[in-house]
A.B. asks: 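The structure follows.
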Amino acid sequence: MKLSVLCSAAGVSPATKDPVDDVTVTGFAIDNRKVAPGTIFGAFRGARFNGEDFIPAAIQAGAVAIVAHPDAVVEGALHFADPEPRRLFARLAAPFFAPVPETLVAVTGTNGKTSTVELTRQLWRMGGHRAASIGTLGVTTSDETVSTGLTTPDIATFLANLAGLAREGVTHVAYEASSHGLSQFRIEGPQVAAGAFTNLSRDHLDYHATMDEYFAAKMRLFDEVVAEGGTAVVWADDAWSDKAMEHARLRGLRLFTVGEKGADIRLVGRTPSGLGQKLEIEHAGRARIIDLPLIGAYQAANALVAAGLVLATGGDVDATFDAMKRLVTVRGRIERAAITPAGAPVYVDYAHTPDALEAAMAALRPHVSGRLIVVFGAGGDRDQGKRPEMGRVADEGADLAIVTDDNPRGEDPAAIRAMVLAGMGPAAREVGDRRKAIGLAVAEAGAGDIVLIAGKGHEQGQIIGSGDNVRVLPFDDVTVAREMAGSLGR
Ligand SMILES: CC(=O)N[C@H]1[C@@H](OP(=O)(O)OP(=O)(O)OC[C@H]2O[C@@H](n3ccc(=O)[nH]c3=O)[C@H](O)[C@@H]2O)O[C@H](CO)[C@@H](O)[C@@H]1O[C@H](C)C(=O)N[C@@H](C)C(=O)N[C@H](CCC(=O)O)C(=O)O
Ligand SMILES: Nc1ncnc2c1ncn2[C@@H]1O[C@H](COP(=O)(O)OP(=O)(O)OP(=O)(O)O)[C@@H](O)[C@H]1O
Ligand SMILES: N[C@H](CCC[C@H](N)C(=O)O)C(=O)O
Ligand SMILES: [Mg+2]
C-alpha cells in the first residue's frame, strides 16, 4: 500500500517539510527484528528497553518510516512524531490492515474478560454469525483456538489477526482489553461498536501505581477506544460500576447496564441447580427465565454481560436469551476436571486474584455438602500485595486450603508461598510441588466434598525462572487432577 494512501486514510503526515517519496509500505513492526524492507517501525519507550535504540537497526533492515517520540533521532527514514507514538502507530496501521470484521466489541475489567468474550462468541455463533474471540485463550473461532501468548498481543499482531479473521469470513469479533493492552495502545485502530466493563478489584499493582490509575487505564476503553455513538455495556453491581457509567456518559456513549442494579438487563433472581442455575431477569419490561448451564454468580454475570454485547450490536432478543441455555463451559473457568474415587468433583478455575478466588469458591459453595478443599498459589514477578489477600480469602472461604506454586517466574517460590501464608491461619497447608498439592487435595476429599484447583485454568505450563533462564515445564491442572484421581482409584 502506498504511504500517501495510508497517510490520508489515517489523517496523519510525517514531520518533514520536504516532499516525500511515495514509497510502498509492506508491513508494520514494533520489534526491529521483525522489520523487512518497506516496514513502518514503531519505536517505543518500554519497561525494559527503549525502542528508539533500535531505530538505526530498523532502518538498516529496510524500515521506510519510524513512528516515535518527537525527541527521537531518526536519520535515513521518515519520522512520524507524536508524544504518544503508540497511539499514532495504531492509527497509521489500522487502514493498512483493513478490512477487519465489521462488528467488533471489547471487554475490560479485572476478572471475567476471557469468559465474557468467549461467551459472546458462542452467542453470536448460535445467532448464525461467523464469530471469533481474541484474548487469554488465543484466537478462537468455531474451528480452532490458536494461542498468541499474551492476552492482548502487540498492535501489529492484533490488527493482522483481525484482518486474517475477516479473510476467513468472520464478521463478529469480541476481544479482551487488558489494562496493559489499553495503556500500551495495543488494541485499537478499527471501529469498536461496543465496550463492556465487568468489574475492578486488586491486581497488577506492580504495573499501575494505584487502583485509580489502574481504573483510568481500563477506562480508556470508554473514553477513547469505543467508536463515537457506540455502546457501553456495564455490569452495574460492582463497586466501580457507577464511575464506569460516568465515563460512558461523559463520552456520550449509549449506556446498557446489566445486573441486580441494571436498567437494561435486570437480574431479579438466581437459583443454583444441579449443573447450572436458573436466572430470573427483566429486559424491556418483560420477565424471562433462563436456565443457564454454568454455575456460580460470576458466570451468570459474565453470561449476561455477553448477552448485553450481543443485543447492543443488533442481536435478536428472543434468540439471544434462548441461546444462553446452550452455552458451554469456558476452558479453565469452573471446568470439571475429574471425580475422585470417593465421589468428590474436582474443578479447575483461573482465579488468580483475591476477588476471583472468592468468586470461584462462592460458585462452588452451594454444591458442597462436606468440605471445600482449595489448592492455589500466586504468580511470581507480579503484584506482591495481592498474595496475603488471596491467602486471607482462601482461609475464610475454604475448609481446607493448600498453598502451592503457580508460575514462580524469577522469584523464590518459598518466599511467594510465605507471603500468601502470611494472610492465613495455622490450619493452612503448604505443599510447594503443585502435583503433590493436587494429589493431597484429591486424597483428602471425601463424599460430599469439592476440590477447587485455582490459578492456572487453561495454562499448559509452570513458568520457572526469568529472562534467558526461563523454563516452562509442561503442567496442566486438568490432566494432573485426572491422573491423581485415577491413581487413587487403582
Ligand atoms: C509490562 C508489559 O506489558 N510489557 C509488554 C510490552 O513491553 P514494553 O512496551 O515495556 O517493551 P520493552 O520490552 O521494554 O521494549 C520496548 C520496545 O522495544 C522493542 N524492542 C525490544 C528489544 C529488541 O531487541 N528490539 C526491539 O525492537 C520492543 O518490541 C518494544 O516495542 O510490550 C512487549 C511487546 O509487545 C511485550 O512483550 C511486553 O509483555 C511482557 C512480556 C508481559 O509479560 N506482559 C504481561 C504483563 C501482559 O501484558 N499481560 C496482559 C494481561 C494482564 C491481565 O489482564 O491479567 C496481556 O494483555 O497479556
Ligand atoms: N465477573 C466476575 N466476577 C468475579 N470473578 C470473576 C468474574 N469472572 C471471572 N472471575 C474469576 O476470574 C477468573 C478469571 O476469569 P477470566 O479468565 O474470564 O478473566 P480475565 O479478566 O480474562 O483474566 P486475565 O486478566 O487474567 O486475562 C475466573 O476463573 C474466576 O475465578
Ligand atoms: N494475566 C495474568 C495471568 C496470571 C495467571 C497466574 N497463573 C499467574 O501466573 O500469576 C497475569 O499475567 O498476571
Ligand atoms: Mg483473560
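All figures in this text were calculated on a predicted structure; none of them were measured in a lab. Counting starts at 1 for both ligands and their atoms, following the listed order. Residue indices begin at 1 and follow the sequence shown.
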A.B. asks: Heavy-atom contact check, 4.0 Å cutoff: does His352 meet ligand 1?
C.D. replies: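 No, His352 has no heavy atoms under 4.0 Å from ligand 1.
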
A.B. asks: Only N/O/S atoms count here: what is the atom of Glu176 closest to the Mg ion (ligand 4) called?
C.D. replies: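 So the atom name we want here is OE1.
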
A.B. asks: Side-chain contact test, heavy atoms from C-beta onward, threshold under 4.5 Å: evaluate it for Phe49 versus Phe54 and give yes or no.
C.D. replies: yes

A.B. asks: Mind checking whether the Mg ion (ligand 4) has an N, O or S of Thr114 under 2.8 Å?
C.D. replies: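 So Thr114 counts as coordinating the Mg ion (ligand 4), yes.
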
A.B. asks: Which residue supplies the protein heavy atom nearest to atom 25 (N) of ligand 1, what is that atom called, and how far is it?
C.D. replies: Asn32 OD1, 2.8 Å

A.B. asks: May I ask you to decide if the ring planes of Phe97 and Phe28 are parallel, tilted or perpendicular, using 30° and 60° as cut-offs?
C.D. replies: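 Because their plane-to-plane angle lies in the 30° to 60° range, the rings of Phe97 and Phe28 count as tilted.
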
A.B. asks: Look at atom 32 (O) of ligand 1 and find which of Arg382, Gln184, Glu52, Lys113 reaches it with the closest heavy atom.
C.D. replies: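 Looking at heavy atoms only, Gln184 sits closest to atom 32 (O) of ligand 1.
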
A.B. asks: Taking distance alone, with N or O pairs closer than 3.5 Å, would you say Arg33 contacts ligand 1?
C.D. replies: yes

A.B. asks: Below 4.0 angstrom from a heavy atom of Asn407, which ligand 3 atoms are there? Numbered from 1 as shown, please.
C.D. replies: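 Counting from 1, the qualifying ligand atoms are 7 (N), 8 (C), 9 (O).
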
A.B. asks: Within the structure, does Ser178 bring an N/O atom to less than 3.5 angstrom of an N/O atom in ligand 1?
C.D. replies: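 Yes; the residue has a nitrogen or oxygen that sits under 3.5 Å from a nitrogen or oxygen of the ligand.
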
A.B. asks: State the atoms of ligand 3, each with its element, that fall below the 4.0 Å cut-off from a heavy-atom position in Gly455.
C.D. replies: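 Close to Gly455: 5 (C), 6 (C), 7 (N).
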
A.B. asks: Indicate yes or no for a side-chain donor-acceptor contact from Asp238 to the backbone of Leu200 under 3.5 Å, with no hydrogens or angles considered.
C.D. replies: yes

A.B. asks: From the Mg ion (ligand 4) out to just under 2.8 Å, does an N/O/S atom of Thr136 turn up?
C.D. replies: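 Short answer: yes, at least one N, O or S atom is under the cut-off.
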
A.B. asks: Looking only at distance, does Asp154 have an N or O less than 3.5 Å from an N or O of ligand 1?
C.D. replies: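 Asp154 vs ligand 1: no N/O contact under 3.5 Å.
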
A.B. asks: Nearest heavy atom to atom 15 (O) of ligand 1 wins, so pick from Phe54, Tyr350, Phe44, Phe49.
C.D. replies: Phe49

A.B. asks: Is it true that Glu246 and Lys243 have a side-chain N and a carboxylate O under 4.0 angstrom from each other?
C.D. replies: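 No, no charged N to carboxylate O under 4.0 Å.
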
A.B. asks: Has Glu335 got a side-chain atom pairing as donor or acceptor with Gly332's backbone, closer than 3.5 angstrom?
C.D. replies: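 Yes; judged by distance alone, with no hydrogens or angles, the pair exists.
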
A.B. asks: Hey, is ligand 1 close enough to Arg86 that some N/O pair sits below 3.5 Å?
C.D. replies: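 Yes: some nitrogen or oxygen of Arg86 is under 3.5 Å from one in ligand 1.
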
A.B. asks: Below 3.5 angstrom, do we get any N/O pair linking Lys386 and ligand 3?
C.D. replies: no

A.B. asks: Heavy atoms only: which of Arg409, Lys218, His180, Arg45 is nearest to atom 46 (C) of ligand 1?
C.D. replies: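 Residue with the shortest heavy-atom distance to the ligand atom: His180.
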
A.B. asks: Ala378 versus ligand 3: do any nitrogen or oxygen atoms come within less than 3.5 Å of each other?
C.D. replies: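 For ligand 3, there is no N or O atom that lies under 3.5 Å from one belonging to Ala378.
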
A.B. asks: Could you go through His247 and Phe215, starting from their C-alpha distance and side-chain angles, then the distance that decides it, and tell me whether this counts as ring-ring contact (aromatic ring centres under 6.0 Å, His included)?
C.D. replies: CA-CA 11 Å; His247 278 260; Phe215 180 68; 5.6 Å; yes

A.B. asks: Treating Tyr350 as the side-chain partner and Arg331 as the backbone partner, does any N or O pair qualify as donor plus acceptor under 3.5 Å?
C.D. replies: no

A.B. asks: Tell me the protein heavy atom at minimum distance from atom 41 (C) of ligand 1, and give that distance in Å.
C.D. replies: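 Answer for atom 41 (C) of ligand 1: Arg48 NH2, 4.5 Å.
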
A.B. asks: Mark up the atoms of ligand 3 that fall under 4.0 Å of a heavy atom belonging to Glu459, in ascending order.
C.D. replies: 5 (C), 6 (C), 7 (N)

A.B. asks: For atom 1 (N) of ligand 3, grab the closest protein heavy atom and report residue, atom and distance to one decimal in Å.
C.D. replies: Tyr350 OH, 4.1 Å

A.B. asks: Looking only at distances, please establish whether an N/O atom of ligand 1 is found under 3.5 Å from an N/O atom of Ile30.
C.D. replies: yes

A.B. asks: Taking the six-membered ring for Trp, are the ring centroids of Phe89 and Phe80 within less than 6.0 Å of each other?
C.D. replies: no

A.B. asks: Quick check on contacts: which atoms of ligand 3 are under 4.0 angstrom from a heavy atom of Arg409?
C.D. replies: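 Close to Arg409: 8 (C), 9 (O), 10 (O).
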
A.B. asks: Could you list the atoms of ligand 3 found under 4.0 angstrom from a heavy atom of Asp406?
C.D. replies: 6 (C), 7 (N), 8 (C), 9 (O)

A.B. asks: Against ligand 1, does Glu176 come closer than 4.0 Å with any heavy atom?
C.D. replies: no

A.B. asks: Please confirm whether Arg186 comes under 4.0 Å of ligand 1, counting heavy atoms of the residue only.
C.D. replies: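 Checking ligand 1 against Arg186, which is what was asked, there is a heavy-atom contact under 4.0 Å.
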
A.B. asks: Identify, for atom 2 (C) of ligand 3, the protein heavy atom at the shortest distance, and state residue, atom and that distance.
C.D. replies: His352 NE2, 3.8 Å

